[in-house]
Amino acid sequence: MSTLSSGPARSYYGASANATPERETLAGETTADVCVIGGGFTGVSSALHLAERGYRVVLLESMQIGFGASGRNGGQIVNSYSRDMDVIADKYGEKTAEALGSMAFEGNRIIRERINTYGIDCDLKDGNLFAACTDKQYQGLIEHQALWSRYGHGELELMEGDAYRREIGSDRYVGALLDHAGGHLHPLNLVLGEAAALEGLGGRIYERSPVTQIIHGDPVEICTPSGKVRAKRVVVAGNAYQKGLLPALEGKSLPCGTQVVATAPLEAATARALLPFDRCVEDCNYLLDYYRLSADRRLIYGGGVNYGGRSPADIEGAIRPHLEATFPALRGVAIDYAWSGNFLLTLNRLPQFGRLNHNIYYAQGYSGHGVTATHLAGRLVAEALSGDAERFDAFADVPHAPFPGGRLFRVPATALGAWYYGLRDRLGW
Ligand SMILES: Cc1cc2nc3c(=O)[nH]c(=O)nc-3n(C[C@H](O)[C@H](O)[C@H](O)COP(=O)(O)OP(=O)(O)OC[C@H]3O[C@@H](n4cnc5c(N)ncnc54)[C@H](O)[C@@H]3O)c2cc1C
């Protein structure tokens, strides 16, 4: 066993990961019912659902389990998708909104079932807050509450004016919405626990086994530098880290980087003054800040977006001003860890599920809110591979347009759009 540093070297999660076994690299040839490519939440969740249904599963991960966004993220269990159901209804019709709305809170339930069933130790806490920086954003939260309750989610509590201060020790906001059913956790330990559960059911995981080629056919051949898997079906779950495995989709998504820091552990009284009930928070800005306490009372604070997925040289320098603006009492606080990770943005902010042909499936593009949607994806992939594709197809049928600007200009074009929306937030438009 090793206490590995999955994810980036300077991540708090890597440093506080639960012990996990050293895993082999794929060498030679093997067979499987299903080969899953990618050891993040999408891949591990899909593989675990499939193994629970009795499939022989092989999972190939280019680095280590949790190396990608799943082992680096804010750990916030945020319900639903990055696009709200009223926009989905306007663009794609009531039927699609009803179908997606009926699944919007399921990923969260799956995570909690996983933690209970497999006894995963990942610091689960209840409750997430959406914090409004402007009156317009607060109005949006009122609409958000009404909308979610229409889709059956009633565990939302609005906090008007100063009422939010009992939850967040900051002057930055004008109100908040508390989702009692949301929460936060140590994401790397969740995915490591799910990987262990997969192996407990006979699933095989190979690490440091990057897939270099998928040869279509029956069976499909999935090639790595030192081996090959012949599988009846394939699930591609490389998200923002897969390069070139899904060329047909490349223009329809954009890898984006976001950065996170973790302070040194805070005094108990200091931590209590910031977040008395230990919920996690994200603000309502287009380029949002998100933060929470770790189990050992560090403030984990994230924000910023780099279109194209490059990481800034000075992450602490980028995030510290946001952290100190939210909590001036932490001015000069020691930052122990600073890291960056990539998520995959789609133009309509909805996840991209589908098939390349009858036996190669993919799920990706959660657009920054993927902790719950990846867990839903795993269940839907398993349903679809077992012959019941209705719910998977509700997502697969949503059209995805390419980013404007083509291969060369989609990064600056998207950054310009984000700059405009960021400006609107700052001016309160
Ligand atoms: C810094 C950060 C903060 C975030 N915060 C939150 C949050 O608080 N709440 C929330 O809901 N969402 C958050 N997100 C988004 C969320 O983390 C992602 O949507 C989610 O983890 C995506 O999971 P995934 O399994 O699809 O992709 P990943 O976790 O990125 O996993 C993909 C895996 O595939 C592997 N891979 C890629 N190509 C290959 C190949 N060719 N062969 C083999 N393996 C391959 C990679 O190494 C990687 O391990 C955040 C994202 C980031 C980056």
Side-chain angles (χ1 to χ4, degrees), residues 6-8 11 13 26 35-47 59-82 107-108 111 128 182-185 187-188 190-191 194-195 205-214 222-225 229 234-246 255-261 280-282 288-292 300-306 309 311 315 319 338-346 351-353 362-375 377-378 381:
S6 261
S11 140
Y13 299 128
L26 180 67
C35 177
V36 176
I37 303 170
F41 287 146
T42 302
V44 175
S45 171
S46 300
L59 187 148
L60 301 175
E61 163 56 47
S62 41
M63 305 296 282
Q64 292 162 299
I65 291 295
F67 171 82
S70 302
R72 311 175 183 222
N73 63 53
Q76 308 215 354
I77 305 174
V78 181
N79 273 302
S80 194
Y81 317 110
S82 284
N108 178 359
I111 292 171
N128 75 291
H184 60 96
L185 44 67
L188 179 57
L190 174 61
V191 73
E194 292 176 311
I205 298 175
Y206 296 97
E207 295 184 327
R208 295 167 302 281
S209 303
V211 173
T212 50
Q213 195 186 6
I214 302 172
I222 305 96
C223 308
T224 71
V229 181
V234 176
V235 180
V236 183
N239 207 39
Y241 289 85
Q242 65 94 7
K243 289 183 200 86
L245 291 183
L246 300 170
C256 297
T258 166
Q259 295 78 46
V260 188
V261 301
C280 62
V281 181
E282 67 173 44
L288 55 85
D289 286 8
Y290 49 94
Y291 54 87
R292 68 186 185 91
I300 297 181
Y301 201 105
V305 174
N306 287 63
S311 172
I315 295 172
I319 300 297
W339 67 96
S340 174
N342 290 347
F343 65 89
L344 195 66
L345 186 71
T346 62
Q352 228 168 31
F353 297 177
Y362 60 84
Q364 61 176 22
Y366 309 93
S367 302
H369 281 135
V371 171
T372 60
T374 47
H375 284 80
V381 163

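First listed ligand is number 1; within each ligand, the first listed atom is number 1.
Nearest protein heavy-atom contact of atom 31 (O) of ligand 1 is Gly40 CA, 3.5 Å. Looking at atom 39 (C) of ligand 1, its nearest protein heavy atom turns out to be Ser62 OG, 3.7 Å. Annotation: atom 38 (N) of ligand 1 to nearest protein heavy atom, Gln242 CA, 3.3 Å. Here the protein heavy atom with the shortest distance to atom 8 (O) of ligand 1 is Gln76 N, 3.1 Å. Distance from atom 28 (P) of ligand 1 to its nearest protein heavy atom, with residue and atom name: Ala69 N, 3.6 Å. The nearest protein atom to atom 52 (C) of ligand 1, hydrogens excluded, is given as Thr258 CG2, 3.7 Å; this is a heavy-atom distance.
Taking any N or O of Thr372, backbone or side chain, none lies under 3.5 Å from an N or O belonging to ligand 1. In terms of polar-atom proximity, Gly66 is not counted as a contact of ligand 1, lacking any N or O under 3.5 Å from an N or O of the ligand. Residue-to-ligand polar distances keep Gln64 apart from ligand 1: every N/O pair is separated by 3.5 Å or more. Between Gly368 and ligand 1, at least one pair of N/O atoms sits closer than 3.5 Å. Taking distance alone, with nitrogen or oxygen atoms compared against 3.5 Å, Gly74 approaches ligand 1 more closely than that limit. Considering backbone and side-chain N/O atoms, Val211 comes within less than 3.5 Å of an N/O atom of ligand 1. Among the atoms of Val371, some N or O lies under 3.5 angstrom from an N or O of ligand 1.
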Step-by-step side-chain contact (heavy atoms from CB on, under 4.5 Å) determination, Ser45 to Thr374: CA-CA 7 Å; Ser45 171; Thr374 47; 5.8 Å; no
Worked check of side chain to side chain donor-acceptor pair (under 3.5 Å) between Gln352 and Gln364: CA-CA 5 Å; Gln352 228 168 31; Gln364 61 176 22; 2.7 Å; yes
Residue pair Thr372, Tyr366: steps toward the side-chain contact (heavy atoms from CB on, under 4.5 Å) verdict: CA-CA 10 Å; Thr372 60; Tyr366 309 93; over 6 Å; no
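Of all the listed residues (Gly68, Cys256, Ser70), Ser70 holds the heavy atom that lies closest to atom 23 (O) of ligand 1. The closest non-hydrogen atom to atom 17 (O) of ligand 1, taken over Val36, Asn73, Thr42, comes from Asn73. When Gly365, Gly257, Pro351, Ala237 are ranked by how near their heavy atoms come to atom 32 (C) of ligand 1, first place goes to Ala237. Of the candidates Ser46, Cys280, Ser209, Gly370, it is Gly370 that places a heavy atom closest to atom 16 (C) of ligand 1.
Checking side-chain atoms of Thr258 against main-chain N and O of Gly303 turns up a donor-acceptor pair under 3.5 Å. A donor-acceptor pair under 3.5 Å is absent between the side-chain atoms of Thr346 and the main chain of Ser367, judged by distance alone. Between the side chain of Gln259 and the main chain of Ala338, no donor-acceptor pair closer than 3.5 Å is present. No donor-acceptor distance shorter than 3.5 angstrom exists from the side chain of Gln242 to the backbone of Ala237, with no hydrogens or angles considered. Arg292 places a side-chain N or O within donor-acceptor distance of the main-chain N or O of Leu185, the cut-off being under 3.5 Å. Ser70 places no side-chain N or O within donor-acceptor distance of the main-chain N or O of Gly66, the cut-off being under 3.5 Å. Side-chain atoms of Asn239 come within 3.5 Å of backbone atoms of Gly365 as a donor-acceptor pair (strictly under, hydrogens ignored).
Within the 4.5 Å cutoff, the side chain of Val229 has no heavy atoms near those of the Tyr206 side chain.
Look at Ala240 and you'll find every heavy atom at least 4.0 Å from all atoms of ligand 1. Heavy-atom distances between Val78 and ligand 1 stay at or above 4.0 Å for every pair. In this structure, Gly75 counts as a contact residue of ligand 1, since one of its heavy atoms falls inside 4.0 Å of the ligand. Within the structure, the closest approach of Glu61 to ligand 1 falls below 4.0 Å when heavy atoms are considered.
With a 4.0 Å heavy-atom cut-off, ligand 1 is reached by no atom of Ala363. Looking at Ile77 against ligand 1, nothing comes within 4.0 Å, counting heavy atoms. The proximity of Tyr241 to ligand 1, defined as any non-hydrogen pair under 4.0 Å, involves the side chain as well as the backbone. If you look at Asn342 next to ligand 1, the close heavy atoms, those under 4.0 Å, all belong to the backbone.
Under the 30°/60° scheme for interplanar angles, the aromatic rings of Phe41 and His375 are found to be tilted.
Considering CG of Leu246 and CD1 of Ile214, their distance stands at 6.5 Å, rounded to 0.5 Å.
When all heavy atoms of Gly40 and Glu61 are compared, the closest pair comes out as N-OE1, 4.5 Å.
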